[in-house]
Amino acid sequence: MNTLRFRRTAVAVATAAVLPLALTACSSDDSSKDSASGSTPSAAASTSASADDSMDTDKPFGPGCASVPQDGAGSFDGMAKDPVATAASNNPELSTLVAAVKQAGLVDTLNNAQNITVFAPTNDAFAKIPKADLDALLADKAELTKVLTYHVVGQKLTPQQLEKGSFDTLEKSKLTTAGSGTEYTVNDASKVVCGNVPTANATVYIVDSVLMPPK
């Protein structure tokens with residue numbers, strides 16, 4: 001009887017000694033597997049995100065692009081065939097800008113220019129200006145011309161050039177740009193909502209605020 005009890009005790013002690021070692025080994029294996037499997041999606045996601053950023057800037061990008069018509073003259077393909085003032089007139093989101101350009105007599109100037117960039121305020125951008133102030137601006141052709149030409153740069157700008165840029169405008173003052181990927185601002189305030197839109201003679205960046213030239 002004493003021998004049997006001794007053997008049982010010995011087996012129990014051996015089991016107690018081996019079990020923690022086995023559990024530790026399993027835990028180590030699981031954590032290393034978890035670590036390895038966890039690192040792979042993260043690296044893949046990072047690679048995918050960086051690839052997406054580079055791809056997106058080759059084409060029109062930004063949340064505002066969703067409002068551009070899918071087909072017809074106002075679509076991206078349609079706008080690419082027309083000079084910039086004509087192209088803008090086919091985009092319903094730019095109707096206030098187009099009316100202002102006509103009021104200032106700048107349609108031919110913009111359509112005949114070559115290799116320019118236009119920062120085009122949306123209708124909502126103009127709506128941010130108090131109505132009395134906007135009416136006064138539209139009634140003052142000289143001041144309206146100054147504001148509108150401040151939105152035009154005499155060269156085609158790529159998204160990469162907007163990352164930290166300073167450019168002369170047709171109004172003769174400078175505007176600045178900053179950002180990366182698919183998010184850019186102009187003069188630290190106006191956001192690009194649909195960028196890198198091609199027209200026959202210009203690249204258009206649609207913005208959410210009207211740019212005012214320095215006084």
Colleague: Going by side-chain hydrogen bond (donor to acceptor under 3.5 Å, both in side chains), name the residues that satisfy it together with K172, two or more places apart in sequence or in a different chain.
Modeller: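 Expected list: none.
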Colleague: Only pairs at least two apart or in different chains count here, so list each salt bridge (Lys or Arg N to Asp or Glu O under 4.0 Å) that has a residue in residues 204-215.
Modeller: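 For residues 204-215, and leaving out neighbouring residues, the salt bridge (Lys or Arg N to Asp or Glu O under 4.0 Å) pairs sorted by first residue read E143-K215.
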Colleague: Do L144 and L175 sit in one hydrophobic cluster, given that two such residues count as connected whenever their side-chain heavy atoms are within less than 4.5 Å of each other, even indirectly?
Modeller: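 Hydrophobic grouping puts L144 apart from L175.
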Colleague: So which pairs with a foot in residues 174-186 pass salt bridge (Lys or Arg N to Asp or Glu O under 4.0 Å), sequence neighbours left out?
Modeller: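 Listed once each, the pairs are D168-K174.
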Colleague: For residues 140-208, which residue pairs qualify under disulfide bond (SG atoms under 2.5 Å apart), counting only residues two or more places apart or in two chains?
Modeller: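 For residues 140-208: C65-C194.
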Colleague: Side-chain heavy atoms nearer than 4.5 Å, only ILVMFWY residues, links allowed to pass through others: does that put Y184 and I206 together?
Modeller: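 Y184 does not cluster with I206.
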Colleague: Tell me whether T117 contacts the main-chain N or O of L157 through its side chain, where contact means a donor paired with an acceptor under 3.5 Å.
Modeller: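 Side chain of T117 to backbone of L157, a donor-acceptor pair under 3.5 Å: yes, one is there.
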Colleague: Could you name each residue pair satisfying ring pair (Phe, Tyr, Trp, His ring centres under 6.0 Å) that touches residues 98-119, not counting sequence neighbours?
Modeller: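 Listed once each, the pairs are F119-Y205.
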Colleague: With sequence neighbours left out, which residue pairs that include part of residues 76-106 fulfil the ring pair (Phe, Tyr, Trp, His ring centres under 6.0 Å) condition?
Modeller: none
Colleague: Scan residues 117-134 for pairs that pass salt bridge (Lys or Arg N to Asp or Glu O under 4.0 Å), counting only residues two or more places apart or in two chains.
Modeller: K131-D135
Colleague: NZ of K164: more than 12 outside heavy atoms within 6.0 angstrom?
Modeller: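 Check fails, neighbour count at 12 or below.
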Colleague: Holding to side-chain hydrogen bond (donor to acceptor under 3.5 Å, both in side chains), I want the full list of residues that pass it with T185, two or more places apart in sequence or in another chain.
Modeller: none
Colleague: Name every donor-acceptor pair, under 3.5 Å, that has one atom in a side chain of residues 186-193 and the other anywhere in the protein, sequence neighbours excluded.
Modeller:
from : atom 1 : to   : atom 2 : distance (Å)
N187 : OD1    : T176 : N      : 2.9
N187 : ND2    : Y150 : OH     : 3.1
S190 : OG     : S209 : N      : 3.1
S190 : OG     : S209 : O      : 2.9

Colleague: Tell me, which pairs form a disulfide bond (SG atoms under 2.5 Å apart) where one or both residues lie in residues 90-164, sequence neighbours left out?
Modeller: none
Colleague: Say whether, by atom type as modelled, one donor and one acceptor occur between the side chain of N201 and the main chain of A113 under 3.5 angstrom.
Modeller: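 Side chain of N201 to backbone of A113, a donor-acceptor pair under 3.5 Å: yes, one is there.
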Colleague: Is it the case that one hydrophobic cluster holds both L106 and L137, taking links as side-chain heavy atoms less than 4.5 Å apart, direct or via other members?
Modeller: yes
Colleague: Name all pairs fulfilling the salt bridge (Lys or Arg N to Asp or Glu O under 4.0 Å) condition that reach into residues 60-77, sequence neighbours left out, sorted by first residue then second.
Modeller: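 Non-adjacent pairs meeting salt bridge (Lys or Arg N to Asp or Glu O under 4.0 Å): zero.
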Colleague: Got a sec, which residues hit side-chain hydrogen bond (donor to acceptor under 3.5 Å, both in side chains) with N111, two or more places apart in sequence or on another chain?
Modeller: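 Partners of N111 by the side-chain hydrogen bond (donor to acceptor under 3.5 Å, both in side chains) criterion, ordered by chain and then number, come out as T86.
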